[in-house]
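Input: a single structure, listed below in structure tokens.
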Amino acid sequence: MAETKTNTLEYDEALCNDCGMCMTVCPHGVFADGERSVYLADPDACMECGACALNCPRGAIKVDSGVGCAAAMMIAALTGRKEPVCGCESGGACC
Amino acid sequence: MEEKSPDIRQTVPDLTVHDHLVHLAARLGAKRNDWRVEPGLYRLGGAGPSSPVFVTANYRLSFDALRSALSGIDAYILVLDTDGINVWCAAGKGTFGTDELVSRIESTGLADVVEGRVVIVPQLGATGVSAHEARMRSGFKVEYGPIRAEDLPGFLREGRATPQMRRIRFDFKDRIVLVPVEATQGLPAAAALSLGAYFLDGPLAAAGLLGAAVAGLVGVPALLPYLPAKDYSVKGFMLGGAVAVAAASASLLDDNGSGVPGKAARAASYMLGLPPLSAFIALNFTGATPCTSPSGVRREIYRYVPVMAGMALAGVILNAAQRIARTRKG
């Protein structure tokens, strides 16, 4: 089990069946192809989008996914909401 | 297998002038209702039973990027109902997700339209779609296409996405198109602050505040990879600092008769008050990027927002003090 300090990504290599789905979906090259399983090549690049965990058929990956948006988090903190949500629908091309 | 079905709409790869005007409006944050595309199944060119199926969101820019990238290719486009939000953001919310994909495949009768049992989903949709679950529930295999629609011809030619197509590129153009929307959201507040500064201190402070806002709204997105810091707040502090140095230098040259201590206080108030504005705007730009993690942003908020607030407050107090001293003197 590899755990990194900069984010919440957790990967249990023992469960991996080397299907490579995580390498396919990750837009930041966090995973790379090893001998028998995928390994964490660049865990610090993870933006916690959660695509790998959702697409891992073996449940080998865990990550607290969410929006990496400061405005959403500060609004959540100010309004006492637990989960920050993307709130720019009304105005932005962002989210 | 029949091709005709009342539920399939015909579309073309060519974008009209009107399409481009709608894109411009969307980039400026205007005419929100025009950004939606009717969800459902679309036929591009002379698509038939053996044609590939591409999935996208019912956001106009997403749909148009897809159909124009598929110019000369016969294909079906399955538009999911994401409430008019783009693929990446809708996937993050889950509206571009497994449930909607499975139910849209069923409601459009896709299995009767095409012989293949594959749908090509944009890679950035993977945040909302679970490929193995979608396959179990719909019988369709989810194949992830490249991040960018423009790479689709290459993807189809090679039969796979190259590693380059799978990596996020947040290029200058990608960043700069976000500026108008960010600016329409941020400039009114900046203008109000600037007006306040004009009455408290004068045109120099007003110009400094506007400059700091522009540094955050335009400078940070434009220069993002070149600002030598990992944290967005620090990137903002750097550019805001440059604006502050310029404003402080100008204030030292501006002989307003307040003497050396007054001038020094005024220059110091700029150095304290202006950088936090750029930094705060830069911190908020994290929401528009496909690069920042919630953990990283949370850490940034705790680390820098108190510093920003402290500096801004100190700057305002110092500026008010020098103004009061100057008024008494004059």
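So you know, we letter chains A, B, ... as the sequences are listed, proteins then strands, and number each from 1.
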Q.
Could you walk me through whether B:Arg166 and A:Thr24 satisfy the side-chain contact (heavy atoms from CB on, under 4.5 Å) test, starting with their C-alpha distance in whole Å, then the side-chain angles of each, then the deciding distance to 0.1 Å, before giving a yes or no?
A. CA-CA 7 Å; B:Arg166 296 237 171 271; A:Thr24 297; 3.5 Å; yes
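- With rounding to the nearest 0.5 angstrom, the CG atom of A:Leu54 is 7.0 Å from the NE2 atom of B:His132.
- The shortest heavy-atom contact between A:Met74 and B:Ile301 is CG-CD1, 3.8 Å.
- Formation of a donor-acceptor pair under 3.5 Å by the A:His28 side chain with backbone atoms of B:Pro290 is found in this model.
- Neither the backbone nor the side chain of A:Cys52 comes within contact range of chain B; no heavy atoms are under 4.5 Å apart.
- Of the possible polar contacts, one joining the A:Asn55 side chain to the B:Ala131 backbone as a donor-acceptor pair under 3.5 Å is found.
- Considering only heavy atoms from C-beta on, A:Met47 stays 4.5 Å or farther from B:Thr289 through its side chain.
- With a threshold of 4.5 angstrom between heavy atoms, B:Leu283 approaches chain A through its backbone and through its side chain.
- Contact between A:Met73 and B:Arg298 at its shortest, heavy atoms only, is SD-N, 3.9 Å.
- Both the backbone and the side chain of A:Cys49 have a heavy atom closer than 4.5 Å to some heavy atom of chain B.
- Between the side chain of B:Ser293 and the main chain of A:Glu48, no donor-acceptor pair closer than 3.5 Å is present.
- For residues 14-22 of chain A, the interface with chain B (any heavy-atom pair closer than 4.5 Å) comprises A:Met21, sorted by residue number.
- Among B:Leu61, B:Ile147, B:Val129, B:Leu124, the residue with the largest count of heavy-atom pairs under 4.5 Å with chain A is B:Val129.
- Looking at B:Phe280, the atoms closer than 4.5 Å to chain A (heavy atoms on both sides) all sit in the side chain, from C-beta outward.
- Residues of residues 303-312 of chain B that come closer than 4.5 Å to chain A, counting heavy atoms only, are B:Val305, ordered by residue number.
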